[in-house]
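Quick caveat: nothing in here was measured; it's all calculated off a predicted structure. Numbering of ligands and ligand atoms starts at 1, following listing order.
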Amino acid sequence: MLLDNIKVAIRIRPFTNRELEISDITTLLVLDKETVSTIPPIEAGIKQNQKTYKFNWVFDRMISQKEIFETTLEYQVLSVLDGINFTIMSYGASGSGKSHTLVKYAEDYGLLIRSINKIFQTIQNKKRKIAIKFSYVEISQEQLYDLLNNMNTNLDIRDDQDKGVVIHGITEMEIASTQELIQLIQIAKKQKSLKQHELLIFSLYIQDHPDGKLVVSKLIFADLGWVERGAQKKKNISLQVLNNCISLLNEAKKKNTQTFIPYRNSKLTRLLKESLGGNSKTLIISCVSPAILGYEDTIQTLEYSQMATTITNQTSIKVFQDNEQQLIMEQTNHDLVNQNEELKKQLNKQSQKQNEVIQMQQIEKNIIQHFNRESSIQEDIFKMQYEAEQMKQGIKDKQQLLDKIDLSERKKYNQLKDEIENEQEKVDLQEIEIKKLQKQTNDFTIQRKALQDNIKQNSLVDVDKLYLTNLIEKFILKQQLQEIKAKESIYQLHQQEQEKLLSLQNNQITLRDRIIEEQRKQITQNFKMNSTKRYAKSDGSSQLITTSKSKFKLNPILPKVSEKQQSQEPYLYRQSSSRQTPQLQTPKKEKKSKSRSKSKSKSRDKSKSRDKFKTKIPNKNIIDNLSTPQIHRYNALDRASPSKLIDSKSMVALPLIQSNRSVTKFVYDSKSGGYKFLEEQSILPSQVQKQQQKQIPIEQDKSFLINSSRGTSVSKNHVKQSLLLPGKVNESLYVKGFINKEIEMKMKLHQLNLKMKKAPQKK
Ligand SMILES: Nc1ncnc2c1ncn2[C@@H]1O[C@H](COP(=O)(O)OP(=O)(O)OP(=O)(O)O)[C@@H](O)[C@H]1O
């Protein structure tokens, strides 16, 4: 039967150093001596299902050349001495270890040298008459080259009736020992051009065959070149045809039909025709790499190798003459088969469990390796970020120092500047590195996802899946914690910097306050000196005696206000020494313009406005804003004498103004919602003096006059704004001042008097 004589072995070679630099995670898991399972690499983000393959033999990474030979060929290859052809092909991607396994002819010999050696040993031991001839041919781009004679090019393949397929004109060298063969190979290797496929062909001329005839058998070692991806692919026709032939042979076997196999489509398949479909034993040894790097090639090799393998259990039943005995035997045989099946099932179950454990361990290992790598890169990033932050702060400190350095210290200045520039450069480089590493971490997210998908799609039991999912979660949490810690340490670094800044600012504030205090003391001292000159009077009482334009003319010697007076008249205070009582005054014009009929409604308006005022609390902002004494407000006092005071509690150190020509008015400013002082020029003070007693002060627009001691008539036209609010104002007292009952009563009284006086005149 076709392909029945083909045996397939898989050899996984060890990792190379280059592969280990990238990853030591394997993509192949040997489940037993015949089974290998793929572990799709998560690294590449490839989402592939795990697949299990069964072959005649699976050799793991650490299996030696000797062991492979002993398992696959040591005795099997001796069939060539009986006239049976034998072909050994090595198949696999470039660098997968084909030549190493097959034709290595020094030290750790490959299968070829070991096989020939075994044959020579056998011949010598058994003293058999056999001649061995050796040919060495290379197939490159559908051309045959004789490697034992470089003059022999473009050889032909012919079908010989007796010898089968032969290469016409090829050099055949008889060898008598393994050493001779090694020497020939060494020479031939020097001839080798661009290797695609190498065929080492041994023709054995068996003279002592039991048939008494000369029997010729062939032993071929074919080191097959790989189908490269891309441009090279088309050129390697031979291998494609070989793959095609194997595939067709496999189909024919499955369907149990005869199919046309296109051996003639390539030189290689023509030469291997007998090995694949004829009277030949064949061993295909497929070489694969366990590394993630060659995963795609590995899968391709395994798939093709799978096509070539046919593992069938052929049971032959011996036919007995005795029917009864035959029946017993058949029954026994049947029972045995059943038992065998049962045992197989149990074994399968056990091995399935074992497989699961192995798979589980492998996935767990993958997860741990993945997160270890991820966390080590993250750690590097955090370290670098922390260092960069430290450097940045160092630069800031140095920058501050630089700002303070006197330009005359040029050398020191330049040195510091250079240092700053160097450090800045380092920071920039560090940040580039950080970005590079951060890019790498982006891939980790994809890989994590692949890891999780791999677990989901796996045939593991739920408990195991849960365990692995939790393991991933645990690692993710650990990493988040690591991230938080790293951010925290950077935050602390920033906080330290802030604290440094804050203490610097505090020092500056303390310094500033000290300076202000000193200046204040200085000003008070100056002022005292000035005021002693200006207010010195023999009886010790205070009086403004100068009108000089001193810059700071606060009247410090204020008449004392008794507690009682203050509580009675919180707003207005009358100097005890003064003969005149404070009078509220209304400008003449205003009074004249008011008609009698209006006076009633006015009084209503008044009470309304008073009510309005009661609820109207002066805009606090304005008061606060005005709390700093304005120097210019004292200019108006130059000519005034401090005879009247506004409540000293509410109006801090307010010197009242009065002169022959002016009167100060405290008015509500509707625009700003606050109160202000107005200095109003008076005209004809002497004339007004008489009228003064007749006039009734009317609170208008929530303003009233602070009367001069001599009594002045004020014209609205001459009103001139001169003062703003002084010192700090106590809000409640301030309001209280305006609803002072005494004033209210007096106003009412005046109004009544006026009514009473005017009434008889009209009559
Ligand atoms: N089983 C092994 N043990 C140790 N080293 C190995 C093994 N298999 C292969 N190597 C080493 O790997 C490298 C590549 O192997 P080799 O040349 O046999 O690959 P190849 O499949 O023949 O490649 P190419 O098709 O490109 O010739 C060599 O250096 C070889 O020594």
Side-chain angles (χ1 to χ4, degrees), residues 8-24 26-28 30 33 36 55 57-73 88-115 136-141 145 147 182 185-186 188-200 220-233 235-240 242-243 268 272 283-305:
V8 183
I10 299 292
R11 186 184 196 185
I12 304 167
R13 71 148 165 74
F15 283 99
T16 61
N17 287 340
R18 200 178 135 248
E19 287 166 345
L20 282 175
E21 274 171 26
I22 297 163
S23 171
D24 65 346
T26 179
T27 58
L28 294 170
V30 178
K33 285 181 179 175
V36 64
F55 299 100
W57 299 281
V58 174
F59 300 112
D60 209 349
R61 300 201 289 264
M62 300 327 287
I63 310 274
S64 67
Q65 304 265 71
K66 184 171 175 270
E67 273 178 272
I68 295 174
F69 173 69
E70 285 169 358
T71 315
T72 58
L73 282 175
I88 301 117
M89 290 188 247
S90 66
Y91 182 86
S94 183
S96 59
K98 299 183 297 286
S99 305
H100 180 89
T101 306
L102 202 68
V103 284
K104 190 158 188 244
Y105 53 91
E107 291 165 11
D108 193 14
Y109 298 115
L111 298 178
L112 162 75
I113 302 297
R114 287 177 196 272
S115 299
Y136 197 171
V137 67
E138 181 186 53
I139 307 173
S140 186
Q141 294 177 17
Y145 298 92
L147 290 180
I182 291 171
I185 293 173
Q186 276 172 346
K189 283 277 181 193
K190 288 177 190 159
Q191 310 282 328
K192 231 169 96 6
S193 59
L194 242 176
K195 180 186 115 176
Q196 266 199 356
H197 312 292
E198 278 177 52
L199 267 66
L200 297 99
I220 304 174
F221 289 86
D223 185 358
L224 304 177
W226 181 242
V227 184
E228 296 290 345
R229 271 163 272 152
Q232 285 284 312
K233 196 168 180 172
K235 292 177 193 166
N236 200 341
I237 296 163
S238 305
L239 199 70
Q240 284 177 9
L242 176 69
N243 290 338
L268 180 71
L272 294 178
L283 167 69
I284 298 176
I285 182 144
S286 298
C287 300
V288 287
S289 151
I292 288 168
L293 212 64
Y295 182 69
E296 273 179 62
D297 289 337
T298 300
I299 293 292
Q300 199 179 324
T301 307
L302 291 175
E303 287 293 327
Y304 275 107
S305 308

Counting heavy atoms only, which of [options] comes nearest to [atom]?
atom	options	answer
atom 15 (O) of ligand 1	Gly97, Ser90, Ser64, Ser94	Gly97
atom 14 (C) of ligand 1	Ser96, Gly95, Cys287	Gly95
atom 18 (O) of ligand 1	His100, Lys104, Glu198	His100

Atoms of ligand 1 close to [X] [distance to a heavy atom under 4.0 angstrom, numbered from 1]:
X	value
Pro14	1 (N), 2 (C), 3 (N)
Arg13	8 (N), 9 (C)
Arg11	1 (N)

Hey, what do you get for CD1 (Ile88) to CG (Leu283), rounding to the nearest 0.5 Å? 6.5 Å
How long is the straight-line distance from CG of Leu73 back to CG of Leu111, given to the nearest 0.5 Å?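 Rounded to the nearest 0.5 Å, the CG-CG separation comes to 5.5 Å.
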Say whether Lys98, considering both its backbone and side-chain N or O atoms, lies within less than 3.5 Å of an N or O atom on ligand 1. yes
Contact between Tyr109 and Arg114 at the side-chain level, heavy atoms closer than 4.5 Å - yes or no?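 Side chain of Tyr109 against side chain of Arg114, heavy atoms only: contact under 4.5 Å found.
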Can you find a heavy atom in the side chain of Ile185 that is under 4.5 Å from one in the side chain of Leu112? yes
The criterion is side-chain hydrogen bond (donor to acceptor under 3.5 Å, both in side chains); which residues satisfy it with Thr72, sequence neighbours excluded?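 By the side-chain hydrogen bond (donor to acceptor under 3.5 Å, both in side chains) rule, Thr72 matches no residue at all.
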Sequence-distant partners of Thr298, side-chain hydrogen bond (donor to acceptor under 3.5 Å, both in side chains), two or more places apart: none
Give a yes/no on ligand 1: does Arg61 have at least one heavy atom closer than 4.0 angstrom to it? no
Could you check whether any heavy atom of Ala93 sits closer than 4.0 Å to an atom of ligand 1, since that is the contact criterion I want to use? yes
Below 4.0 angstrom, N of the basic side chain to O of the carboxylate: do Glu198 and Lys189 qualify?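 Yes, Glu198 and Lys189 are salt-bridged.
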